[in-house]
Amino acid sequence: MLRMTEYIRNTLEGKKPKAFEGVILIWNLTNACNLHCKHCYSSANKDKEELSYEEAISLVHRLPEAGVKFTILSGGEPLLREDLFHIARLLKERGIRTYLSTNGILVKEHLKEIKECFDYVGISIDGKQEVHDLFRGKRGAFETSLEAIRMCLKEGIKVGLRFTLTPITAESLPFVFELAEKEGIPKVYISHLVYAGRGRKLSHLEKKDYRRWVEFIVHKAFEYVERGLPIDVVTGNNEADAVLLYREFARRHPELADKLYERLLKWGGNQAGVKLMNIDHRGNVKPDPFFFHSVGNVKEEDIVKIWQGNGLLGFLREKPRKLKGKCSNCGFVSICNGNSRARAYAVFGDYTEEDPACYL
């Protein structure tokens, strides 16, 4: 994740950059879902083939040994899993911070437990009402999700808005920022499309338009810092965003450009298989949720041993990664770390190829 506003603000204030130590786990606890979203990387449905409660609890006890510091509990829709809060409480007892990624439909029914068990909640809003409802496959989904955000704000739960940038939703991006400002939502997270699951059926943005929308996001981040608005702008799944952020920062604050560059180097770009881990509902361990291949299964092997493995993980942990195409001689690979290897495989069938969604 690229924390744009935080990096701008901290650089301007002269704060020293710090590298994140530890592993962030995205754990898809279930594949069951109450929506049918066009971009869903897990092709969520009614599939109940998931880790048992005993298997999940056994895994939780091993996660600290694998270096896990943060866990994002996702799905499908994680609130459909009956033992979600038991798992979240145990994670917190083990010293692991807990984030909930939800579509918001069921938040009202579980507000008390969410407040007790989660440090942060991300709720999806993918545009204006008609766009969101079409994208999510359910009439009325927009109003329910927005009301869920409002309830979290009222209860003092740390909450943010999640938005996926696609050709269907792009024109709603200004609306989403306006909504955050109007409702006092303290975080806007923009996720770039990765070609996995149902997301493989979506067309991609034309490079010129794609870059224009990312520039819009970067400008909003600067605007919020300059106006002192308490809204964090974060993007994920396209680390080329860091290059546009750096270039705009260098234009506005040339005397501090080297400081931001140093911060971005510490950040490290794409962290799939390095500081980012995914475990899907069947127990498959992947470098991130979008990879087509797993590196092991927690039902068959200890998570610590899996995460210490070589092969695909060894390639991802090389610095710099040995890449092909335009990534092989790009001057910014030290910042983006080669971007999404899952997108490269989706298009070229080769994890070492260039990222087809790089708009630079």
Side-chain angles (χ1 to χ4, degrees), residues 1-2 26 28 31 33 36-45 47 72 74-76 101 124 126 135 162-170 189-211 213-214 235-243 269-274 276-282 284-297 311-318 320-328 330 332-333 336-360:
M1 293 186 292
L2 177 63
I26 301 174
N28 301 95
N31 205 46
C33 195
H36 190 83
C37 305
K38 294 182 183 295
H39 68 307
C40 182
Y41 62 79
S42 60
S43 297
N45 49 38
D47 182 7
I72 301 169
S74 186
S101 179
S124 300
D126 284 302
F135 198 62
R162 298 173 58 89
F163 173 90
T164 302
L165 183 62
T166 73
I168 298 173
T169 62
Y189 172 78
I190 297 98
S191 176
H192 294 274
L193 179 67
V194 183
Y195 318 136
R198 287 197 289 270
R200 297 189 73 178
K201 298 179 181 179
L202 294 179
S203 61
H204 59 268
L205 282 160
E206 293 296 327
K207 294 286 179 71
K208 184 178 179 180
D209 292 332
Y210 196 176
R211 178 168 175 146
W213 283 119
V214 177
T235 67
N237 304 320
N238 197 324
E239 285 75 23
D241 294 359
V243 179
N270 184 275
Q271 293 297 297
V274 185
L276 180 63
M277 174 200 302
N278 171 245
I279 301 176
D280 73 13
H281 65 290
R282 294 190 179 101
N284 295 310
V285 182
K286 300 178 181 180
D288 75 22
F290 310 106
F291 269 67
F292 290 74
H293 299 92
S294 67
V295 295
N297 188 291
L312 182 56
L313 292 178
F315 155 68
L316 292 170
R317 291 168 183 173
E318 289 181 316
R321 292 170 176 169
K322 293 181 175 63
L323 305 175
K324 300 175 183 176
K326 64 181 181 181
C327 291
S328 66
C330 176
F332 289 106
V333 73
C336 80
N337 202 24
N339 219 330
S340 173
R341 301 295 87 220
R343 270 197 300 260
Y345 188 89
V347 173
F348 301 109
D350 185 347
Y351 286 118
T352 68
E353 268 291 354
E354 65 185 53
D355 183 343
C358 179
Y359 47 75
L360 296 177

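When reading the values below, keep in mind they use all heavy atoms of this one structure, side chains included, and skip hydrogens, waters and symmetry mates.
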Restricting to side chain to side chain contact (heavy atoms under 4.5 Å, CB included), what partner residues turn up for [X], sequence neighbours left out?
X	answer
Thr169	Asp126, Val131, Phe135, Phe163, Thr166
Ala357	Tyr195, Tyr210, Asn238, Arg343, Asp355
Glu353	Lys324, Ala344, Phe348, Asp350
Val243	Arg247, Phe332, Leu360

State, with a plain yes or no, whether a side-chain heavy atom of [X] is found less than 4.5 Å away from one of [Y].
X	Y	answer
Glu239	Leu2	no
Leu323	Glu354	no
Arg341	Leu312	no

Find the distance between [atom1] ([X]) and [atom2] ([Y]) and round it off to the nearest 0.5 Å.
X	Y	atom1	atom2	result
Ile190	Met1	CD1	CE	12.5 Å
Asn337	Cys327	CG	SG	10.5 Å
Phe290	Asn237	CZ	CG	4.0 Å
Tyr345	Ser340	OH	OG	13.5 Å

What are the two closest non-hydrogen atoms of [X] and [Y], and how far apart are they?
X	Y	result
Gly273	Leu316	CA-CD1, 4.1 Å
Cys336	Ala240	CB-N, 4.3 Å
Pro287	His293	CD-O, 4.1 Å
Asn28	Gly75	ND2-O, 2.7 Å
Val194	Ala342	CG1-CB, 4.2 Å
Gly338	Val333	N-CG2, 3.6 Å

Handout entry: Trace of the side-chain contact (heavy atoms from CB on, under 4.5 Å) decision for Ile26 with Asp288
Key = CA-CA 8 Å; Ile26 301 174; Asp288 75 22; 5.8 Å; no
Practice task
Check for a donor-acceptor pair, side chain of Asn297 on one end and backbone N or O of Arg282 on the other, with a separation under 3.5 Å.
Solution key: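 Checking the backbone N and O of Arg282 against the side chain of Asn297, a donor-acceptor pair under 3.5 Å is found.
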Exercise for the section: Indicate yes or no for a side-chain donor-acceptor contact from Lys286 to the backbone of Phe292 under 3.5 Å, with no hydrogens or angles considered. Expected result: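 Checked: no pair found.
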Exercise for the section: Go through the structure and list residues passing salt bridge (Lys or Arg N to Asp or Glu O under 4.0 Å) with Glu318, not counting sequence neighbours. Expected result: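 So Glu318 forms a salt bridge (Lys or Arg N to Asp or Glu O under 4.0 Å) with Lys322.
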Problem - Counterpart residues, salt bridge (Lys or Arg N to Asp or Glu O under 4.0 Å), relative to Arg317 (two or more places apart) - result: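 For Arg317, no residue satisfies salt bridge (Lys or Arg N to Asp or Glu O under 4.0 Å) once neighbours in sequence are set aside.
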Problem - Tyr351/Phe291 aromatic ring centres below 6.0 Å - result: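 Yes, they do, as the ring centres are separated by less than 6.0 Å.
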